[in-house]
Amino acid sequence: MHCITDEELIALVDQARPFCKEGEVSDYIPALGKAEQSDLSIAVYTEDGCRSAGDVEKLFTLQSVSKILTLAIALCDLGVERVFEKVGMEPTGDPFNSISKLENNKPSKPLNPMINAGALTVTNLIKGNNNNDKLERILNLVRAMACNPKINYNSFVAESEYETAYLNRSLCYFLKAHKVIDCDVEQLLDIYTKQCAIELNCIDLSRIGFVLANNGVDPDTGETILPRKITRIVTTFMVTCGMYNESGEFAIKAGIPAKSGVSGALLSSVPGRMGIGVYGPALNEKGNSIAGTKLLEELSEKLQLNIF
Ligand SMILES: NC(=O)CC[C@H](N)C(=O)O
């Protein structure tokens with residue numbers, strides 16, 4: 001028996017959709033500015049299958065949701081100790097693209113892998129002979145978790161970010177000056193902007209969440225896609241830093257691990273129970289989907305998902 005009916009899910013979307021008007025579509029990456037402010041969709045993936053409601057067919061890019069996947073790959077490649085030599089484990093309370101804590105933290109290392117400075121550092125750790133290799137590895141993980149071999153990145157969005165990534169460029173040069181990274185900055189931005197531009201729909205996203213909730217095991221094949229030790233680390237970061245400087249409030253209100261992206265993507269994983277994929281491009285001032293956040297809070301309340 002599925003835990004929620006189609007009608008109930010549609011009702012939750014209808015109830016949350018008016019909040020879209022109170023948010024703004026992000027346009028600091030110009031291509032993202034083309035999104036439809038009123039779009040809202042959700043998919044809930046459990047062992048009984050997937051239910052979805054809203055603008056389900058809409059494609060969107062992962063943006064910061066990709067950070068949990070690159071973290072998982074870097075942890076597989078280098079192990080826990082070496083990854084956390086380069087990046088910390090603590091929430092910042094600052095916006096995702098803030099540079100301020102980088103300077104104050106001694107020795108200089110990004111506070112966690114969910115802020116841009118930390119995610120850039122993590123992407124630099126991923127193994128591969130060149131950017132194509134590395135990107136293919138990231139794409140393959142996304143495809144396996146979503147069970148969708150067609151997933152690719154949107155080159156228009158990637159280029160749009162690459163051309164305007166002034167802040168991320170400055171973060172990279174700061175990291176390079178402090179020897180946190182040692183690579184060519186343009187090469188790093190090339191792969192980072194492509195990983196952020198990986199494009200999918202909310203059903204794909206919900207299956208990724210379900211694999212995390214299922215300790216890294218594919219629900220159809222029983223194959224281990226990610227070791228449990230790594231899904232645990234990733235899920236913990238979702239709780240402590242997944243919603244940036246709104247993570248505390250979201251943990252209080254919804255009580256479920258979640259990771260947001262500036263495209264309006266929202267991935268949630270409820271350990272042992274379900275994966276949830278949400279898309280709502282109208283954002284609140286913290287850069288999280290305004291209606292999507294509401295929707296997750298309501299769903300958590302309705303299905304008693306709070307893990308605390
Ligand atoms: N919050 C986000 O989704 C940020 C991701 C975006 N690609 C950036 O680096 O600015």
Side-chain angles (χ1 to χ4, degrees), residues 23-35 59-71 87 91-102 110-124 126 131 135 138 142 153-175 181 185-200 202 205 208 237-238 240-247 250 258-268 277-290 292-293:
E24 274 179 40
V25 171
S26 175
D27 61 2
Y28 78 95
I29 299 173
L32 294 185
K34 297 190 183 310
L59 294 174
F60 53 88
T61 55
L62 281 176
Q63 297 302 330
S64 282
V65 176
S66 67
K67 293 170 180 174
I68 57 174
L69 305 167
T70 45
L71 174 64
V87 64
T92 68
D94 290 332
F96 62 86
N97 51 10
S98 172
I99 201 163
S100 70
K101 289 263 175 23
L102 268 186
L111 274 172
N112 69 66
M114 300 296 120
I115 52 170
N116 284 7
L120 287 157
T121 303
V122 164
T123 295
N124 181 50
I126 290 177
N131 274 0
L135 185 66
I138 302 170
V142 177
Y153 75 95
N154 179 321
S155 55
F156 177 67
V157 175
E159 273 162 38
S160 175
E161 178 170 10
Y162 183 82
E163 280 164 14
T164 53
Y166 311 118
L167 208 45
N168 283 337
R169 261 187 192 85
S170 47
L171 289 172
C172 285
Y173 281 112
F174 191 96
L175 293 167
I181 61 171
V185 168
E186 293 306 314
Q187 285 296 313
L188 179 55
L189 284 170
D190 172 64
I191 182 162
Y192 175 78
T193 50
K194 286 174 180 162
Q195 91 179 41
C196 288
I198 292 175
E199 192 172 55
L200 34 60
C202 66
L205 202 56
I208 295 174
F237 273 121
M238 289 166 73
T240 58
C241 330
M243 303 289 278
Y244 309 113
N245 43 336
E246 200 178 6
S247 299
F250 186 75
K259 179 76 202 86
S260 67
V262 79
S263 53
L266 206 38
L267 165 73
S268 179
V278 172
Y279 171 59
L283 308 181
N284 63 21
E285 67 289 349
K286 304 276 171 68
N288 296 318
S289 173
I290 190 162
T293 304

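Residue numbers start at 1 and run along the sequence shown. Numbering of ligands and ligand atoms starts at 1, following listing order.
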Q: Can you name the nearest heavy-atom pair linking Cys202 to Val278, along with the distance?
A: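 Scanning both residues completely, I find the closest heavy atoms to be CB-N, 4.3 Å.
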Q: Does Val262, backbone or side chain, put an N or O under 3.5 Å from an N or O of ligand 1?
A: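 Looking only at distances, the answer is yes, because the N/O contact criterion of under 3.5 Å is met.
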Q: Just which atoms of ligand 1 are under 4.0 Å from any heavy atom in Cys196?
A: 7 (N)
Q: Give the atom numbers and elements of ligand 1 that come within less than 4.0 Å of a heavy atom of Gly261.
A: 3 (O)
Q: For a quick test of reading the model, state the closest non-hydrogen atom pair linking Val87 to Asn112 and the distance between them.
A: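 What the structure gives for the nearest pair is CG2-C, 3.5 Å.
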Q: Give the atoms of ligand 1, by number and element, whose distance to some non-hydrogen atom of Asn168 is under 4.0 Å.
A: 8 (C), 9 (O), 10 (O)
Q: Which heavy atom of the protein is the closest neighbour of atom 9 (O) of ligand 1, given with residue, atom name and distance?
A: Tyr192 OH, 2.7 Å
Q: How far is atom 1 (N) of ligand 1 from its nearest protein heavy atom, and which residue and atom is that?
A: Tyr244 OH, 2.7 Å
Q: Can the positive tip of Lys67 be found less than 6.0 Å from the middle of the six-membered ring of Phe237, inside 45° of the ring normal?
A: no
Q: Looking at Phe174, is Arg169 sitting on its ring face, NZ or CZ under 6.0 Å from the six-membered ring centre and within 45 degrees of the normal?
A: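 Verdict for Phe174: no cation-pi partner in Arg169.
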Q: Spell out, as yes or no, whether a donor-acceptor pair under 3.5 Å connects the side chain of Thr193 to the backbone of Tyr162.
A: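 No.
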Q: Does any N or O of ligand 1 fall below 3.5 Å from an N or O anywhere on Lys67, backbone included?
A: no
Q: In the protein, what heavy atom is nearest to atom 10 (O) of ligand 1, and what distance, to one decimal place, separates them?
A: Tyr28 OH, 2.4 Å
Q: Could you state the interatomic distance from OG (Ser247) to CE (Met238), rounded to the nearest 0.5 Å?
A: 10.5 Å
Q: CD of Glu186: more than 12 outside heavy atoms within 6.0 angstrom?
A: yes
Q: Of all heavy-atom pairs between Ala117 and Leu171, which one has the smallest distance, and what is that distance?
A: N-CD1, 3.9 Å
Q: Could you tell me whether some N/O pair between Asn116 and ligand 1 is separated by less than 3.5 angstrom?
A: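 For ligand 1, there is an N or O atom that lies under 3.5 Å from one belonging to Asn116.
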Q: Just wondering, do Leu283 and Asn288 contact through their side chains at under 4.5 Å, heavy atoms?
A: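 In short, these two side chains do not touch, never coming nearer than 4.5 Å.
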Q: Under a 4.0 angstrom heavy-atom cut-off, which atoms of ligand 1 come close to Glu161?
A: 6 (C), 7 (N), 8 (C), 9 (O), 10 (O)
Q: Compute the shortest N/O to N/O distance between Ser263 and ligand 1 and return yes if it is under 3.5 Å, no if not.
A: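 Between Ser263 and ligand 1 (N or O atoms, distance only) the closest approach is not under 3.5 Å.
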Q: Just need the protein heavy atom nearest to atom 2 (C) of ligand 1, so name the residue and atom and give the distance.
A: Ser64 OG, 2.6 Å
Q: Which bit of Asn97 is near ligand 1, meaning a heavy atom under 4.0 Å away: side chain, backbone, both or neither?
A: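 The answer is neither; Asn97 stays 4.0 Å or more away.
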